[in-house]
Amino acid sequence: MKPKVFIDRPLPAEVVAYIAEHCEYEQWDSARPIPRETLLEKVADADGLFTSSSAIDAELLSRAKRLKIVSSMSVGYNHFDLSAMKARGVLGTNTPHVLDETVADLAFALILGTARRVAELDRYVKQGKWRKEDNEVLFGTDVHHATLGIIGMGRIGEAIARRGKLGFGMEVVYYNRNRKPDTEKELGVQYLPFEQLLGTADFIVMMTPLTRETAGMIGRAQFALMKPSAIFINVSRGQTVDETALVDALREGRIRAAGLDVYAQEPIPKDHPLLSLPNVITLPHIGSATAKTRFDMAVLAARNLVAGVTGRTPPNIVAELK
């Protein structure tokens with residue numbers, strides 16, 4: 001008998017066909033998020049679960065007595081209750097590496113977009129405000145040869161550093177929990193202590209995973225250390241930043257601008273003050289959102305799932321659950 005799995009989101013037909021070769025499956029095939037109670041019902045007799053963001057917690061695990069593996073179509077896995085999963089012996093996998101270059105592209109889009117005020121000045125033209133005599137009102141900030149500070153030098157951080165160093169002649173500095181001498185040698189980047197990086201960089205890019213240590217890592221004290229000309233970019237997790245402190249820093253001119261793809265609450269509330277600030281680019285968490293990358297992520301997550309329910313070792317078990 002084939003193992004049974006539940007897929008809590010729509011997937012490309014090719015990916016579903018691959019899963020069907022090896023497993024019995026049920027699927028939530030609506031663009032709307034699956035209701036929590038429906039998910040809890042469907043995992044009751046499942047050996048495996050394919051998801052991207054559903055909370056895997058003690059409640060779900062108590063209902064899913066047969067569950068062996070949760071395969072997440074994501075790099076981040078802060079929706080995993082690692083302690084509860086470990087206690088139950090349930091594996092968790094993610095999809096690292098296949099989206100590195102795509103996310104790095106978006107990080108640089110935000111760097112360029114905020115520096116040259118692309119979204120703001122697009123609105124300026126469309127609202128009929130452009131005048132022939134306009135001059136300094138249109139000025140932005142140079143990216144080339146500026147200092148790029150990266151907080152979190154994983155594979156995506158390295159891809160961002162490579163773009164900055166080789167493409168724009170930037171001075172690249174980084175802070176990471178563990179120093180990376182090989183990366184320093186290969187890319188010509190410099191390690192700086194956290195507070196020194198904040199005071200040095202013209203562009204500060206958050207690339208840290210969300211952990212107990214990184215939650216609220218950037219707050220009022222950290223914004224106070226940044227240059228008034230600094231531009232802050234976050235493509236990691238919204239909860240790494242105190243959004244109230246960010247709003248205050250932008251309103252009070254303690255930093256120049258921000259480019260955001262992630263938020264503490266997603267979707268961001270319609271009345272959030274960040275949405276009313278002209279010097280902020282706000283994107284709807286699209287770091288990996290290209291057709292090819294999302295397809296590759298789905299394929300990798302499917303391979304993880306099938307391996308886990310058929311008794312093989314999945315290739316991408318998250319470190320805390322190995």
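- The list of ring pair (Phe, Tyr, Trp, His ring centres under 6.0 Å) pairs with a residue in residues 20-47, not counting sequence neighbours, reads Y18-H22.
- Among residues two or more places apart in sequence or in another chain, the ring pair (Phe, Tyr, Trp, His ring centres under 6.0 Å) test is passed with F108 by F168.
- Taking the charged nitrogens against the carboxylate oxygens, K4 and D45 do have a contact shorter than 4.0 Å, which makes a salt bridge.
- The ring pair (Phe, Tyr, Trp, His ring centres under 6.0 Å) test applied to F232 returns F223, not counting sequence neighbours.
- Every residue two or more places apart in sequence or in another chain that forms a side-chain contact (heavy atoms from CB on, under 4.5 Å) with D29 is listed here: P10, Q27.
- Using a 4.5 Å heavy-atom cutoff, the side chains of P228 and I255 are not in contact.
- Contact detail for E266 and D261: the closest heavy-atom pair is OE2-O, 4.4 Å.
- Comment: E186 does not engage K180 in a salt bridge, judged by the lack of any side-chain N to carboxylate O separation of less than 4.0 angstrom.
- Residues R9 and S54 are not in side-chain contact: their nearest non-hydrogen atoms beyond the backbone lie 4.5 Å or more apart.
- In summary, K42 and E26 engage in a salt bridge, as defined by a charged side-chain N under 4.0 Å from a carboxylate O.
- For the pairing with R256, the side-chain hydrogen bond (donor to acceptor under 3.5 Å, both in side chains) check across T141, T114, N279, D202 returns one residue only, T141.
- By the 4.0 Å N-to-carboxylate-O rule, R88 lies too far from D81 to be salt-bridged with it.
- D142 has no carboxylate O lying under 4.0 Å from a charged side-chain N of R116, or vice versa, which leaves the two without a salt bridge.
- For the ring pair (Phe, Tyr, Trp, His ring centres under 6.0 Å) test, residues two or more places apart in sequence or in another chain that qualify with F194 are Y175.
- Between E213 and R177 there is no salt bridge, since no side-chain N of the basic residue sits under 4.0 Å from a carboxylate O of the acidic one.
- Under the 4.0 Å criterion applied to side-chain N and carboxylate O atoms, R254 and E252 are assigned as salt-bridge partners.
- Residues that satisfy the side-chain contact (heavy atoms from CB on, under 4.5 Å) test with R179, not counting sequence neighbours, are Y174, E184, Y191.
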